[in-house]
Protein chains: 2
Amino acid sequence: MTKAPEKRRSYRREHPDKRRVELMEATLRVIASRGVEAASVRAISSEAGVTPGLIRHYFASKEDLVCAAYAHHMTVMQRASSKASDTERGSAVERLAEFIRRTLSPPVTGAQEVQLWAAFIEKIGREPAMRQVHLESYRDFRLQLETVLRAALLEADHTPSQIELTRLTFACNAVLDGLWLESSALPDILPTDEVVQIGLQSVSRLTGLPLLNTRNDTP
Amino acid sequence: MTKAPEKRRSYRREHPDKRRVELMEATLRVIASRGVEAASVRAISSEAGVTPGLIRHYFASKEDLVCAAYAHHMTVMQRASSKASDTERGSAVERLAEFIRRTLSPPVTGAQEVQLWAAFIEKIGREPAMRQVHLESYRDFRLQLETVLRAALLEADHTPSQIELTRLTFACNAVLDGLWLESSALPDILPTDEVVQIGLQSVSRLTGLPLLNTRNDTP
DNA sequence: CTCTTTATTATACGAACGTATAACAATGAG
DNA sequence: CTCATTGTTATACGTTCGTATAATAAAGAG
């Protein structure tokens, strides 16, 4: 019994840049929802609505795709986060508080976000390209936090030295990272409003700035 | 050409409990050094010096083995950590400072440790057994930190309410988690002595306790 | 309309995976 | 010394993996 060739399914040609992004975002969705071990070439291409071979047309290897998806994800997150603190309305302290609230609330927190994040972190020690993406995205985030912190401190007539500011940024970054992680991984134990309160109070004590009653109740 | 049966290699019978532990620790070593995707049944059994079939004799599935290895790892870490703060020598504040130093120095920090940790975290949202291990080990760690914090605060004549203490524990836990992560993933940017200083200063500001010059210089 | 380009599909291949099963041998009991 | 127990090995099976290659069709140029 000879095998009859399969009927070829119809398809649309997409702009290469758009297709690349679709494939990267399909990768992120599969890892976030079903984990990194389920993120096979076949599962990702199926999620994107294409056949597995197409991935090899856009990416030299699966490793390349995952790394590009990581970089894409970080760029999108960075853009969304900086848009929030770019709005010049309100005082610098209020912008800092808003930054903290956003960092510790959905959609930044969430079980799927931490699953995605952990999948990438697991690779950075072993794959240089992943490590590079991590280094750059992490530095960008830290610089952004440092800018907001500096503005808030200057506003309060406190001019820190660069060493003080760098250390303070690391500390605030750490407490936000840690709270984000705990709240995302244990949403029942540490719900959103509780973790936001803890985050505001913690950064308040670390910086000496009054952040606790800055909520903009008249939006 | 018929295949000749392989010569059977000699072996030693081990006590079942010991063999179980060996297999779990081999799992941890493989994940820590080569990543979770390299941790196949064959790689793990090879690391343990046995043949793949033996894993099925001790564990119902690979998933079971990984989960047991996670629980084992957390138990060992917990035991090592609590041994450090159980020593009654020194004031409570000094014990808290020592706790922070240990948490932010090798061998607790390290690229392999964070790789191992991330591999487990990636699974807790999807596998109930892994989630359970995470919940319990995390609660244990937090209770231990809470105990040290309470003692240090009482020693400084500060008696916090339970709600205050719980929140403070979450905050200190978060900053230690975040600093541990940053220092482990970016050892070049945040070396050990720097991160220890930041950790001491941060917990000092969060709690109001004087931790900065508590180093026991005469060990 | 025809031709060229290339995005996309279909198919195939070897390797590695997790798991299952039966034979074997190390050990302790009697 | 003999036997039963079971820890351990050897082997096999079907599946899925990442990758490679050739055929095909959609889209734009002339």
Side-chain angles (χ1 to χ4, degrees), chain A residues 1-24 26-27 30-31 34-69 119 123 126-127 129-130, chain B residues 1-24 26-27 30-31 34-69 119 123 126-127 129-130:
Chain A
M1 190 164 175
T2 70
K3 27 194 163 178
E6 292 287 326
K7 285 253 166 180
R8 209 159 244 261
R9 46 186 273 199
S10 69
Y11 60 90
R12 274 193 53 206
R13 260 172 120 110
E14 290 286 356
H15 187 76
D17 293 349
K18 188 176 170 185
R19 232 329 112 73
R20 274 185 68 91
V21 172
E22 281 181 4
L23 289 172
M24 294 187 288
T27 303
V30 173
I31 296 177
R34 291 189 284 146
V36 71
E37 75 183 19
S40 66
V41 171
R42 287 164 177 84
I44 293 169
S45 59
S46 168
E47 170 73 27
V50 298
T51 52
L54 192 59
I55 286 183
R56 288 271 304 165
H57 183 74
Y58 284 98
F59 300 92
S61 66
K62 180 192 168 185
E63 190 177 308
D64 265 30
L65 167 59
V66 173
C67 187
K123 299 177 186 295
R126 180 169 15 109
E127 301 178 18
M130 294 290 290
Chain B
M1 191 166 175
T2 69
K3 27 194 160 179
E6 292 287 327
K7 287 252 166 181
R8 208 160 247 259
R9 47 187 273 199
S10 69
Y11 58 91
R12 276 191 53 209
R13 262 171 119 110
E14 289 287 355
H15 187 76
D17 293 349
K18 188 177 172 186
R19 229 336 109 75
R20 273 185 68 91
V21 171
E22 279 180 5
L23 289 171
M24 293 188 288
T27 304
V30 173
I31 296 178
R34 292 189 284 146
V36 70
E37 75 184 18
S40 65
V41 170
R42 286 165 177 83
I44 293 169
S45 59
S46 168
E47 169 75 27
V50 299
T51 53
L54 192 59
I55 287 184
R56 287 272 305 165
H57 183 74
Y58 285 98
F59 299 93
S61 68
K62 180 191 166 185
E63 191 177 307
D64 265 30
L65 167 59
V66 173
C67 188
K123 298 177 186 296
R126 178 167 19 105
E127 300 178 18
M130 293 291 289

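Chain A is the first sequence line, chain B the second, and so forth, proteins listed ahead of strands; every chain is numbered from 1.
If you take CZ of A/R12 and P of C/dT9, they are 13 Å apart, rounded to a whole angstrom. If you measure from atom NE2 of A/H57 to atom P of C/dT5, you get 15 Å, rounded to the nearest angstrom. D/dG7 atom C1' lies 14 Å from atom CZ of B/F59, rounded to whole Å. Distance A/I55 CD1 to D/dG18 C1': 10 Å, rounded to the nearest Å. In this structure, B/Y11 places its OH atom 11 Å from C1' of D/dA10, rounding to the nearest Å. We find that CD1 of A/I44 is positioned 11 Å from P of D/dT19, with the value rounded to whole Å.
Residues A/F59 and A/L65 approach most closely at CE1-CD1, 3.5 Å, considering heavy atoms. Heavy-atom minimum distance, A/V30 versus A/A38: CG1-O, 4.0 Å.
A distance-only check finds a donor-acceptor pair linking the side chain of B/K62 to the backbone of B/A39 [under 3.5 Å].
Every side chain to side chain donor-acceptor pair (under 3.5 Å) that A/R126 has, sequence neighbours left out, goes to A/E122. Residues passing the salt bridge (Lys or Arg N to Asp or Glu O under 4.0 Å) test with A/R9, sequence neighbours excluded: none. With sequence neighbours excluded, no residue satisfies side chain to side chain donor-acceptor pair (under 3.5 Å) with B/E63.
Note that the OH atom of A/Y58 and the CD atom of A/E22 stand 9.0 Å from one another [nearest 0.5 Å]. To the nearest 0.5 Å, the span separating CZ on B/R20 from CD on B/E14 amounts to 15.0 Å.
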Show which side-chain atoms of residues 40-51 of chain A pair as donor or acceptor with protein atoms under 3.5 Å away, not counting sequence neighbours.
residue	atom	partner	partner atom	Å
A/S40	OG	A/A43	N	3.1
A/S45	OG	A/V41	O	3.0
A/S45	OG	A/R42	O	3.0
A/E47	OE2	A/R29	NE	2.6
A/E47	OE2	A/R29	NH2	3.3

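In this model, a side-chain donor or acceptor of A/R8 finds a partner on the base of C/dT9 within 3.5 Å. Applying the 3.5 Å distance criterion, the base of D/dG7 shares no donor-acceptor pair with the side chain of B/Y58.
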Within the sub-3.5 Å range, which N or O atoms of nucleotides 15-18 of chain C have a protein N or O partner, and how far apart are they?
residue	atom	partner	partner atom	Å
C/dC17	OP1	B/S40	OG	3.2
C/dG18	OP1	B/K62	NZ	2.5
C/dG18	OP2	B/V41	N	2.8
C/dG18	N7	B/R42	NH1	2.8
C/dG18	O6	B/R42	NH2	2.8

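For the segment residues 13-23 of chain A, the set of residues with a heavy atom within less than 4.0 Å of an atom of DNA chain D comprises A/R13, in numerical order.
Summary of the strand contacts: B/A60 and B/R9 both lie near DNA chain C, and taking for each the nucleotide with the nearest heavy atom, the more 5' one is attributed to B/A60.
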